[in-house]
Amino acid sequence: MANIKVNFAGLEYDNPVIVAAGPPSKDAQAIKEAIEGGAAGVVAKTISSEAAEIPKPCMYDFKGNHFLNTELWSELSPEHWVEQEYEKCKIKGEPLIIGLGYVKEDIKKLIPMVDKFADAYEISSHYVGRDLTPMLNTLKMAKMLTKKPVFMKVSPGVENLGDVARALETAGADGLVAINSVGPCLSIDLETGKPHMGSKSGYGWMSGAAIKPIAMRVVYELAQAVKIPIFAVGGITKGEDVIEYVMAGATAVQVCTQGIVEGPKAFGRIAKETNNWLDAHGYSSLDEIRGITIKHMENIKENNYMTVPPKIELDKCVGCGICKIVCGYKAIEIENKKAVIDIERCFGCGVCTSKCPTKALSIPR
């Protein structure tokens, strides 16, 4: 079997799947269940100076496509975490990352309270706006108060990602985490006409599979800009998602939404699927694929405008006709239960390759 252990800024994990800060790490019992379900470690739900008041309903799953929430930070006070939770959060000796937010005054109060429990910190500052100064000040305060690694969480709306990443690395960040949920977003219950979320505005924040391409681009850009490790967060539902993030440059991943909708067993399933993919493709570790997309793209100097028709593996083609239906250029016919491509009509768009259920179609690249 492949070796899927990872080292993240000195933290040792048996697999790359970590519980993200959120409902699956809302208290010691939830953390225990996640670790027993196969997660290699956790980020305890983010605390701030006061307990959060969370508008309800605060979560809604849209059948696995995406997920909305009005979650803020922990509904438990920092005092409660110190007195009742943190001491019970290390289940099998795995690293405990404590989530903190959001401005330097919060960090100044919190780190002295919790430092004896933490192996590292994840600091979220996405609610302070787009100006980088508060994020840097928050990071600098943390570095003054602890010798533990400090990881900074990056919002998807941050501009000039490379510059931001380099500034955080220069200021002492030991790692980056990307991304937070995306939004604000609005969804309406058709039966009532009311928003699904219970916030005053009706807005929520989106997570789940729909945000993965956004998060992938952020991780990819961050990985090109810095040498410190990156936790990828956003839309991870299966082992192949982990592989894709590692190819984009991530060291490990964090999972939240899938742990909510599937339960704690999701973490171990995703880790197992990651291992299975590596075994099936002949890789012995994640290190062999980490950042290969970056290396590939370094050799791409310009856009590809050449039309390359898909290649058909006839032994895989079952003649289902899906490719014919989705081809907007009328370049595919089904003859004798096999797809046939008219190369004069084919535009090389590639949509048929994404819809083929047997993977009989591919575009050589």
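All figures in this text were calculated on a predicted structure; none of them were measured in a lab. All values below were derived from every heavy atom in this structure, side-chain atoms included, with hydrogens, water molecules and symmetry-related copies excluded.
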Can you see which heavy atom on [X] is nearest to which on [Y], and at what distance?
X      : Y      : answer
Ala9   : Pro229 : N-CG, 3.9 Å
Ala210 : His66  : CB-CB, 3.7 Å
Thr70  : Pro55  : OG1-O, 2.9 Å
Ala171 : Lys143 : O-CG, 4.3 Å
Leu186 : Gly202 : CD1-O, 3.5 Å
Ile332 : Lys324 : O-CG, 3.3 Å

To which residues is Phe347 joined in a hydrophobic cluster, defined by side-chain heavy-atom contacts under 4.5 Å among Ile, Leu, Val, Met, Phe, Trp and Tyr, whether direct or through other members?
-> Tyr329

Polar side-chain atom of [X] near backbone of [Y] as donor-acceptor pair, under 3.5 Å:
X      : Y      : result
Thr192 : Lys194 : yes
Asp115 : Pro112 : no
Glu85  : Ala28  : yes
Thr146 : Ala142 : no
Arg345 : Lys330 : yes
Lys265 : Glu262 : yes
Thr358 : Lys316 : yes
Trp73  : Ser124 : no
Asn69  : Met59  : no
Tyr86  : Lys116 : no

Partner set under salt bridge (Lys or Arg N to Asp or Glu O under 4.0 Å) for Glu221, not counting sequence neighbours = Arg217

By salt bridge (Lys or Arg N to Asp or Glu O under 4.0 Å), Glu105 pairs with (sequence neighbours left out) none

Same hydrophobic cluster for Ile54 and Leu76, using side-chain heavy-atom links shorter than 4.5 Å among ILVMFWY?
-> no

If Ile, Leu, Val, Met, Phe, Trp and Tyr residues are connected whenever their side-chain heavy atoms lie under 4.5 Å apart, and connections chain through other members, are Ile230 and Ile289 in the same group?
-> yes

Relative to each other, are the rings of His281 and Trp277 parallel, tilted or perpendicular (30° and 60° limits)?
-> parallel

Is the closest side-chain donor-acceptor distance between [X] and [Y] under 3.5 Å?
X      : Y      : result
Thr353 : Ser362 : no
Ser155 : Asn180 : no
Asp189 : Tyr60  : no
Glu79  : Gln84  : no
Asp241 : Thr237 : yes

Stepwise salt bridge (Lys or Arg N to Asp or Glu O under 4.0 Å) check, Glu313 with Lys359 | CA-CA 8 Å; Glu313 295 184 56; Lys359 298 184 178 180; over 6 Å; no

Look at atom NZ of Lys238 and say whether more than 12 heavy atoms of other residues, nucleotides or ligands are closer to it than 6.0 Å.
-> yes

Are [X] and [Y] side-chain neighbours, meaning at least one heavy-atom pair lies under 4.5 Å?
X      : Y      : value
Ile4   : Pro16  : yes
Thr257 : Ile236 : no
Pro24  : Ile260 : yes
Tyr203 : Pro195 : no
Ile179 : Val233 : no
Leu11  : Asp119 : yes

Does the distance from a Lys or Arg side-chain N to an Asp or Glu carboxylate O, for Lys45 and Glu75, drop under 4.0 Å?
-> yes

State plainly whether the residues Glu122 and Lys153 are in salt-bridge range, i.e. N to O under 4.0 Å.
-> yes

Tell me whether the centres of the aromatic rings in Trp81 and Phe117 are closer together than 6.0 Å.
-> no

Verify salt bridge (Lys or Arg N to Asp or Glu O under 4.0 Å) between Lys109 and Asp106, making sure each step is shown before the conclusion.
-> CA-CA 5 Å; Lys109 171 184 175 179; Asp106 297 316; over 6 Å; no

Please collect all side chain to side chain donor-acceptor pair (under 3.5 Å) contacts where either partner lies in residues 2-29, sequence neighbours excluded, each pair once.
-> Asn7-Glu12, Gln29-Glu33

Using a 3.5 Å cut-off and no angle test, enumerate the donor-acceptor pairs between side-chain atoms of residues 94-101 and protein atoms at least two apart in sequence or in another chain.
residue : atom : partner : partner atom : Å
Glu94   : OE1  : Lys92   : N            : 2.7
Glu94   : OE2  : Ile91   : N            : 2.7

Under the ring pair (Phe, Tyr, Trp, His ring centres under 6.0 Å) test, residues paired with Phe8 that sit two or more places apart | Phe151, Phe231

